[in-house]
Amino acid sequence: MGKMLMVQIAKPTPEGIEQTVFMDYSDITKDVEITTNRMDTPGKMTFTCMEQGGIGIPEGSSVEFSIDSLILFKGYVFVIERGCDGETTYTAYDQLRYLKVNASYIFENMSLAQIIQRIAADFGLTVGTLADTGYVFPCLIKEDEGCLDIIFEALSQTIIQTGKIFLFYDHAGALTLVEAKDLFIRTLIGEGSLAVDYTYKRDIDSDTYNRIKLVKKNEQTGRTDVYLHEDTETIKKWGVLQYYSQVDENLNEAQIDEMCQCYLKYYNRVLQTLTIEALGVPDIHAGSIIPVRFEDIQDLKLSRLLLAEKVTHSFDGEIHTMNIEVKSFEQLGGVSIV
């Protein structure tokens, strides 16, 4: 396993001239951990090394971690922690960290890709491949909201409106939007195949709703229009679990009603969560579609394609392990997705 941790540091020469220095930290680094989440959170890498003298990598320095030329992470140092023995732990985040800033926008007749491009341009971020989702927002108004929240909210709406799963993430230093089916991993994870342990959880507590109530202010009548869809069968079993939200005033009745139906279809289920401890596969990250099979879990007796919500890769010397969290087994499962 050819690991490489390259650090790009800006520092002055003895003559006071600014220069960029590239350094290989691979030999002195231990305990590298890379975590990616499918929604709402920047990619993160922590690594620890022994240093003599002052802190070697200043804040803002670029770091890149790769295995056999495959870049797993590229980002910038934000946090430095040091002990009295000189052991220093660095925390770096990818470009999504720079979107954790508030701004105001009006997006008219723009797709998610165009929204990302506009915000990225305002903050000087590098953009890579942005898929055409096929959905255009008629009008999206955001006032003093976090840019990362704006993009992921638009991503969620795009997924609901199109019925397709898209992933927004930083791919090797470039903001990227792709359809999840393009991130299909052929390596089976399960009993007899890489997995060493798992935890299985079922709940209706955190992200399950059987009544969807969407409201919109009606300027003409001065009242609030209410749109409601519910499932009486699951209400009988679980009680009323209501999702409530105020929607964009520019949406028409048909659009809101369709949104209501889509929300009910998506959230009206038992949420299943599976956390897997396994030997590491470098190209698996949050958003990857992975074949999973565990005979002790009813819905996974046969291999199914599941969407990775969170993935953490850990490197300790030559040992590479990973922790994978997958949810909502009902959402995927058939080979038709790929």
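In this text the structure is predicted, and so the values were computed from the model without any measurement.
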Check the pair Glu325 / Lys310 against salt bridge (charged side-chain N to carboxylate O under 4.0 Å, His left out), numbers first and verdict last. CA-CA 5 Å; Glu325 182 178 292; Lys310 180 180 180 180; 6.0 Å; no
Should [X] and [Y] count as side-chain neighbours, where that means a heavy-atom distance under 4.5 Å?
X: Asp31; Y: Phe47; value: no
X: Val63; Y: Tyr76; value: no
X: Met45; Y: Val32; value: yes
X: Thr275; Y: Asn323; value: yes
X: Leu155; Y: Leu112; value: yes
X: Ile212; Y: Glu230; value: no
X: Ile256; Y: Lys216; value: yes

Check each of Tyr25, Phe315, Phe73, Tyr90 against Phe65 using the ring-ring contact (aromatic ring centres under 6.0 Å, His included) test, and report the only one that passes.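 Looking at Tyr25, Phe315, Phe73, Tyr90, the match for Phe65 under the ring-ring contact (aromatic ring centres under 6.0 Å, His included) is Phe315.
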Compare every heavy atom of [Y] with every heavy atom of [X], then report the nearest pair and how far apart it is.
X: Ala174; Y: Val127; result: CB-C, 4.1 Å
X: Lys3; Y: Ser26; result: O-OG, 3.7 Å
X: Thr126; Y: Gln95; result: N-OE1, 2.8 Å
X: Ala308; Y: Ile290; result: CB-CD1, 3.9 Å
X: Val77; Y: Pro58; result: CB-O, 4.1 Å
X: Arg211; Y: Leu264; result: N-CD1, 4.3 Å

Aromatic rings Tyr135 and Phe137: how do their planes relate, parallel, tilted or perpendicular, breaks at 30° and 60°?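 Answer is perpendicular, since the angle exceeds 60°.
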Is there a donor-acceptor contact under 3.5 Å from the side chain of [X] to the main chain of [Y]?
X: Ser61; Y: Ile9; result: no
X: Lys301; Y: Glu295; result: yes
X: Ser66; Y: Ser69; result: no
X: Gln272; Y: Lys201; result: no
X: Ser111; Y: Val136; result: no
X: Asp225; Y: Asn218; result: no
X: Gln255; Y: Asn252; result: yes

Run through Glu33, His285, His320 and flag the one making a side chain to side chain donor-acceptor pair (under 3.5 Å) with His313. His320
Between Ile151 and Val178, is there a shared hydrophobic cluster once you connect ILVMFWY residues whose side-chain heavy atoms come closer than 4.5 Å? no
Indicate, with yes or no, if Tyr244 and Val226 share a hydrophobic cluster defined by side-chain heavy-atom contacts under 4.5 Å among Ile, Leu, Val, Met, Phe, Trp and Tyr. yes
Might you work through the side chain to side chain donor-acceptor pair (under 3.5 Å) test for Asp257 and His229, ending with a clear yes or no? CA-CA 8 Å; Asp257 191 68; His229 281 264; 2.9 Å; yes
Walk me through whether Lys142 and Glu153 qualify under salt bridge (charged side-chain N to carboxylate O under 4.0 Å, His left out). CA-CA 11 Å; Lys142 295 296 179 182; Glu153 182 181 333; 2.8 Å; yes
Could you tell me if the ring centre of Tyr198 sits under 6.0 Å from that of Tyr200?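 Not close enough - the centres of the two rings lie 6.0 Å or further apart.
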Does the separation of the ring centres of Tyr209 and Tyr263 fall below 6.0 angstrom? no
Which is it for Thr312 and Thr35 under the side chain to side chain donor-acceptor pair (under 3.5 Å) test, yes or no, and what are the steps along the way? CA-CA 4 Å; Thr312 298; Thr35 301; 3.1 Å; yes
Regarding [X] and [Y], is there a side-chain donor-to-acceptor distance under 3.5 Å anywhere?
X: Asn37; Y: Glu309; result: no
X: Thr88; Y: Glu51; result: yes
X: Asn268; Y: Asn210; result: no
X: Tyr267; Y: Arg269; result: no
X: Thr162; Y: Thr133; result: no

Kindly determine whether Ile80 and Glu59 satisfy side chain to side chain contact (heavy atoms under 4.5 Å, CB included), including the steps that lead there. CA-CA 8 Å; Ile80 304 169; Glu59 296 85 349; 3.6 Å; yes
